[in-house]
Number of protein chains: 2
Amino acid sequence: MSLVHTKNAATTSRRRRQPEAETKADISRERVLVAAAQIFNEKGYSGTTMRDVGRAVGLQAASLYYHYRSKDELIEAVLDKGVDDVAASVRAAVKAVPETASHKERISIALDAHLRSVLGSTFSMSARRVFGQVPEPIRRRHLKHRDAYGEFWMNLLRDAAKGGALRSEIDVRLARIFIISALNSALDWYKPEGKSVDQLAKQFNLFITDGLFSS
Amino acid sequence: MSLVHTKNAATTSRRRRQPEAETKADISRERVLVAAAQIFNEKGYSGTTMRDVGRAVGLQAASLYYHYRSKDELIEAVLDKGVDDVAASVRAAVKAVPETASHKERISIALDAHLRSVLGSTFSMSARRVFGQVPEPIRRRHLKHRDAYGEFWMNLLRDAAKGGALRSEIDVRLARIFIISALNSALDWYKPEGKSVDQLAKQFNLFITDGLFSS
DNA sequence: GTCTATACTTTGATAGAC
DNA sequence: GTCTATCAAAGTATAGAC
């Protein structure tokens, strides 16, 4: 039957009536993923060993291979979840904006949602940290997830530009990268002990939409 | 006599009249450093082996230990040179600005110099890439170099704020981090095939000082 | 599903000849 | 200064018992 490694094939021994009952395998797999995100975030890609991850979930390193084929498959899952979660969260926030809102309002909401989402997710923290450390093939595959989210922002900005909301000298493509990079940079230095995410979001919004200088 | 590992003790066998004649050791040490920066930048901290570095300079891995005590001493040198070079370059550019210049002009110059310097230096590229991967003690020591440069920017911005050039709602401390992070982010995605550094600098200047939205 | 045992590989670093 | 030889440690991954 070979159910191994096939996340939802484990529906066999289901006893409850929920359409998506979680098997023990599902649960372990999930716990491993969460722990991996945590540890990759702390120690980086090469710095994290399968033994580390195993210890964190109370399993032997060898047992992890029942859930993930390799360390690389594991980190790829972390990476992808990192950006997909943020993308979903921002899309939802923007979708909730009334049609009547201005371009600036819409983009402000998106900025805010991105920052909050990113700072609140171990997966995106982890993804940012290890992205540059991961083997090339993984990075290449993962890039598709980033690009999809990047496209979303491109549309947001293109609409604003068409509506005449943006400065005319601006290269929209560059602006998109600038925005996302600036927001993500918070992952490198933000410490919850200082400013609240709320205050941070307000300042970033100011920096990005209005700039630093007055008049 | 034990001259080993003491960079300038090698002045013993000097034959030329230059006050700083380079011994063979100096030359090798330098070549190793440059190669290391290159390779660390490509493969990251744990991804780079002493064998890799040795191969790049035509030495055996073991021979590197004549010039650097350890892999960590080597990467720390790369890290420090990365930020020190940029700092020196930006300080020089700002020093050359006429006293009569406005705060905005001064800061524009600094932005420009930082971006150019960072994109032109293998050391700063490498430093950015590996900073998050390096053992904690190294990172901690290295942080002093960053902080020194950060202070320079703080003064620049504080002056501008005092002069009333900045928007009053702005948190200067946060603005400093925002600026440096945004500029450095170019290291992650800039490709020489696209826009020129010139164009890039102009756009960044616009984004940061004036913001994205018109009026 | 998870364990124990272990094969295999790679790495940072040292010793000592030249 | 650089080489050859080598070691000890650590890591990924597999095999097979339970």
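Chain letters run A, B, ... following the sequence lines, proteins first, then strands; residues in each count from 1.
Note: CD1 (B/Ile27) to P (D/dG1) measures 10 Å, nearest angstrom. In this structure, the CG atom of A/Leu64 is 13 Å from the C1' atom of D/dG11, given to the nearest Å. Between the CZ atom of B/Phe40 and the C1' atom of C/dG12 there is a distance of 12 Å, given to the nearest Å. Atom-to-atom, OH of A/Tyr45 to P of D/dG11 comes out at 13 Å; the value is rounded to the nearest Å. The CG atom of B/Leu74 sits 14 Å away from the C1' atom of C/dA13 (whole-angstrom rounding). Distance B/Arg31 CZ to D/dT2 P: 9 Å, rounded to the nearest Å. In this structure, CD of B/Gln60 is placed 13 Å from C1' of D/dT6, rounded to the nearest angstrom. Between B/Tyr68 atom OH and C/dT14 atom P there is a gap of 17 Å when expressed in whole angstrom units.
At the heavy-atom level, A/Ser70 lies under 4.0 Å from the strands shown only through sugar-phosphate atoms. Using a 4.0 Å heavy-atom cutoff across all strands shown, A/Gly58 reaches sugar-phosphate atoms only and no base atom. Within 4.0 Å (heavy atoms only), B/Gly47 reaches no atom of the nucleic acid at all. Using a 4.0 Å heavy-atom criterion, one finds that A/Thr48 contacts the sugar-phosphate atoms exclusively.
The listed nucleotides are D/dT14, C/dT4, D/dT2; the one nearest the side chain of B/Leu59 is D/dT2. Among C/dT2, C/dT14, D/dA13, the nucleotide with an atom closest to any side-chain atom of B/Ala62 is C/dT14. With D/dG1, D/dT12, C/dG1 as the candidates, the nucleotide lying closest to the side chain of A/Lys71 is D/dT12. Residue A/Arg51 has its side chain nearest to D/dT12 when only D/dT12, D/dT2, C/dG1 are considered. Listed nucleotides D/dT12, D/dT4, C/dG12 differ in distance to A/Met50; the shortest reach to its side chain belongs to D/dT12. Candidate nucleotides D/dG1, D/dT12, C/dG12 were compared by shortest atom distance to the side chain of A/Thr49, and D/dT12 ranks first. The side chain of B/Tyr66 lies closest to D/dG1 when the candidates are D/dC3, D/dG1, C/dT2. Side-chain proximity of A/Tyr65 to D/dG1, C/dG1, D/dT12: nearest is D/dT12.
A perpendicular orientation is assigned to the rings of A/Phe204 and B/Phe178, their planes being inclined by more than 60° (bins at 30° and 60°).
Going from atom CD1 of A/Ile107 over to atom CG of A/Leu166 covers 6.0 Å, rounded to the nearest 0.5 Å.
Within 6.0 Å of CZ in A/Arg116 there are more than 12 heavy atoms belonging to other residues, nucleotides or ligands. A 6.0 Å sphere centred on NZ of A/Lys202 holds no more than 12 heavy atoms belonging to other residues, nucleotides or ligands.
Considering only side-chain N and O atoms, A/Ser63 lies nowhere under 4.0 angstrom from the phosphate OP1 or OP2 of C/dG1. Proximity of A/Ser28 to the phosphate of C/dT2: a side-chain N or O atom is located under 4.0 Å from OP1 or OP2.
Both cation-pi conditions hold for B/Lys71 and B/Tyr45: the charged atom is under 6.0 angstrom from the six-membered ring centre and inside a 45 degree cone around its axis.
Neither side chain, A/Ser185 nor A/Asp188, offers a donor N or O lying under 3.5 Å from an acceptor on the other.
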